[in-house]
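Step one of this worksheet: look at the structure below.
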Amino acid sequence: MLELILGTVFLIYILFIGQLIYGFNRMKRFSKKEFTPKTSFTIVVPFRNEKENLPNLLHSISLLNYPKELVEVILVDDDSDDKFRIQNLEFRIQMIKNVRKSNSPKKDAIETAIQIAKHDWIITTDADCLVQKDWLTIYDQYIQKNEVEMVASGVCYLPKNGFLSAFQNLDFLSLQGATIGSFGINQPFMCNGANFAYSKSFFKELNGFQGNETIASGDDVFLLQKAVSVAPKKVGFLLAKESIVATKPVATWSDLFQQRVRWASKSTGYSSVYGKLLALVVFGGNLAWIVSFLLWLVGLLDQNIFMLFVALKFLIDFILIYKTANFFESKLQYVLASSLLYPFFSVSVAVYSLFGKYSWKGRNFRK
């Protein structure tokens with residue numbers, strides 16, 4: 001009976017991940033062509049204590065191959081302790097103070113910037129990111145061709161040695177794979193605010209972040225899910241090499257745990273039924289893995305059955321991660337070791353996110 005229950009959980013998990021793989025395969029890569037640039041962008045960068053990272057981001061922005069008159073940059077300082085001075089930049093740039101009015105500093109920062117943004121499209125990224133020279137060019141072409149009002153795109157980690165970086169890279173690739181796959185089956189529920197764009201008019205039509213101000217993070221997924229519920233045809237995913245934004249992996253296991261708790265804490269606020277269901281299935285699959293392992297250790301589960309469960313979960317996870325890594329041209333390391341640790345890490349994060357608190361940019365937030 002116990003084996004049947006665990007087997008059923010693993011089967012459901014495999015079916016859901018298999019569906020995401022199917023969706024990933026359905027997604028067509030967008031290729032850059034010759035277009036006359038038309039879309040005007042306001043790049044919004046909320047930041048707090050990022051004087052080490054901001055110069056690198058701004059340098060990458062300065063290399064953008066896009067008409068200067070169609071771009072402005074707004075840096076929103078969220079009560080930083082360190083001092084940052086704006087360097088010369090060919091694009092119009094200004095730094096403003098965040099106007100806090102909710103429990104979410106980042107949402108407040110984005111809304112503060114949108115109020116003074118001069119251009120039609122808002123595109124958000126983070127201070128610890130780097131953009132490519134054709135970042136806005138490929139966005140512009142996608143917007144012109146598809147007549148969308150909201151566009152999500154890919155984010156990857158900058159390569160770094162060591163098990164910690166390899167582990168979080170595999171975890172992040174799985175999230176990116178799930179994001180792309182969900183768009184491929186017309187069930188988008190997740191995106192990354194480090195590479196996310198929408199028109200100002202659409203943002204206002206959706207009433208911005210209204211409805212989830214009490215949750216500190218989620219400036220990306222909640223807005224996406226709201227848009228999908230109102231006008232799914234206006235939302236797209238830009239699957240292109242040129243649009244990928246690179247970000248830094250965190251430096252410690254503690255930071256990684258806190259970051260993932262912050263991300264997981266949003267799931268209970270999802271309006272997407274599919275998103276909630278997938279989160280539950282992933283939690284169930286990882287919990288079933290742990291239960292199977294413990295039962296095998298004490299001799300209550302046959303070794304062959306346990307190895308079958310482990311092999312099937314590893315295989316279906318690896319297929320999605322491998323496809324995602326291939327698109328992002330990301331090197332896979334410590335795959336087996338990470339797959340053994342991941343269920344314990346994932347379940348711990350999920351449980352803690354329901355009852356605990358997390359720190360973010362030197363501040364503490366409660367669930």
Side-chain angles (χ1 to χ4, degrees), residues 1-25 163 166-182 184-185 187 189-190 253 256-257 260-261 263-270 272-325 332 334-356 367:
M1 183 62 180
L2 193 57
E3 293 172 355
L4 180 60
I5 294 173
L6 291 172
T8 301
V9 173
F10 279 117
L11 178 60
I12 294 171
Y13 178 88
I14 289 168
L15 290 174
F16 267 79
I17 303 303
Q19 188 183 37
L20 292 174
I21 294 170
Y22 169 74
F24 194 105
N25 290 335
F163 179 64
F167 178 84
Q168 61 184 302
N169 183 50
L170 289 166
D171 178 38
F172 198 69
L173 286 172
S174 71
L175 294 172
Q176 288 290 300
T179 298
I180 296 168
S182 68
I185 57 174
Q187 292 285 354
F189 70 97
M190 185 165 58
W253 283 100
L256 177 62
F257 186 80
R260 295 316 198 247
V261 166
W263 292 356
S265 67
K266 296 179 284 192
S267 60
T268 54
Y270 284 179
S272 166
V273 175
Y274 178 82
K276 285 184 176 181
L277 190 57
L278 181 63
L280 186 61
V281 168
V282 170
F283 174 77
N286 285 298
L287 182 60
W289 193 102
I290 295 173
V291 171
S292 300
F293 174 70
L294 295 177
L295 290 175
W296 169 70
L297 278 182
V298 298
L300 295 178
L301 184 65
D302 182 79
Q303 179 171 310
N304 292 331
I305 293 177
F306 171 64
M307 294 304 294
L308 177 63
F309 287 163
V310 170
L312 289 175
K313 185 178 184 303
F314 175 83
L315 181 61
I316 198 72
D317 288 343
F318 182 76
I319 292 172
L320 181 60
I321 291 172
Y322 179 80
K323 285 183 171 292
T324 312
L332 300 179
Y334 300 100
V335 177
L336 182 58
S338 296
S339 71
L340 296 176
L341 173 62
Y342 183 75
F344 297 95
F345 178 82
S346 176
V347 169
S348 298
V349 166
V351 172
Y352 189 86
S353 70
L354 294 174
F355 307 104
K367 171 72 180 170

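Quick caveat, the model's predicted, so the values are computed rather than measured.
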*Between F24 and G177, what is the shortest heavy-atom contact and its length?*
CD1-O, 4.0 Å

*Closest non-hydrogen atom pair, L320 against S174*: CD2-O, 4.3 Å

*Do side-chain atoms of S353 reach the backbone of A350 as a donor and acceptor pair under 3.5 angstrom?*
yes

_Closer than 3.5 angstrom, by distance alone: can the side chain of S339 be matched with the main-chain N or O of L336 as a donor-acceptor pair?_
yes

*In this structure, which one of F344, F257, F283, W263 forms a side-chain contact (heavy atoms from CB on, under 4.5 Å) with V349?*
F257

*Got a donor-acceptor contact below 3.5 angstrom from the D171 side chain to the F167 backbone?*
no

*Is L294 close to L301 at the side-chain level, that is, under 4.5 Å between some pair of heavy atoms?*
no

_Less than 4.5 Å apart, side chain to side chain, heavy atoms only: is that true for I321 and T324?_
no

*Can you name the closest pair of heavy atoms from R260 and Q168 and give their distance?*
NH2-O, 3.4 Å

*Distance in Å, L297 CG paired with Q303 CD, rounded so as to fall on 0.5 Å steps*: 10.5 Å

*More than 12 foreign heavy atoms under 6.0 Å from OH of Y22: is that the case here?*
no

*Return the minimal non-hydrogen interatomic distance between M190 and L175, and the atom names on each side.*
CE-O, 3.4 Å

*Quick one: do the N169 and Y334 side chains pair a donor with an acceptor below 3.5 Å?*
no

_By side chain to side chain donor-acceptor pair (under 3.5 Å) - contacts of D302 (at least two apart)_ = none

*So how far is it from L6 CG to L11 CG, rounded to the nearest 0.5 Å?*
12.5 Å

_All side-chain contact (heavy atoms from CB on, under 4.5 Å) counterparts of L308, not counting sequence neighbours_ = L312

*Locate the shortest heavy-atom distance separating F189 from A178; write the atom from each residue and the value.*
CE2-O, 4.5 Å

*Option from I14, V9, T8 for which side-chain contact (heavy atoms from CB on, under 4.5 Å) with I12 holds*: T8

*How about I290 and V347: do any of their side-chain heavy atoms sit closer than 4.5 Å?*
yes

*Please report the shortest heavy-atom distance between A325 and L332, naming the atom on each side.*
CB-CD2, 3.6 Å

_Determine whether the aromatic ring centres of residues Y342 and W289 are separated by less than 6.0 angstrom._
no

Side-chain donor-acceptor distances from residues 273-280 under 3.5 Å, at least two apart:
from	atom 1	to	atom 2	distance (Å)
Y274	OH	Q19	OE1	3.4
K276	NZ	Y270	O	3.2

*Mark yes when over 12 heavy atoms from residues, nucleotides or ligands other than Y322 sit less than 6.0 Å from its OH; otherwise mark no.*
no

*Sub-4.5 Å side-chain heavy-atom contact between K313 and N286*: yes

*Do I316 and F16 come within less than 4.5 Å of each other through their side chains, counting heavy atoms only?*
no

*Rounded to the nearest 0.5 Å, what's the gap from CG on L2 to CD1 on I305? Could you check?*
10.0 Å

*asked:* Students often mix this up, so state it plainly: with edges at 30° and 60°, are the rings of F318 and F314 parallel, tilted or perpendicular?
replied: parallel

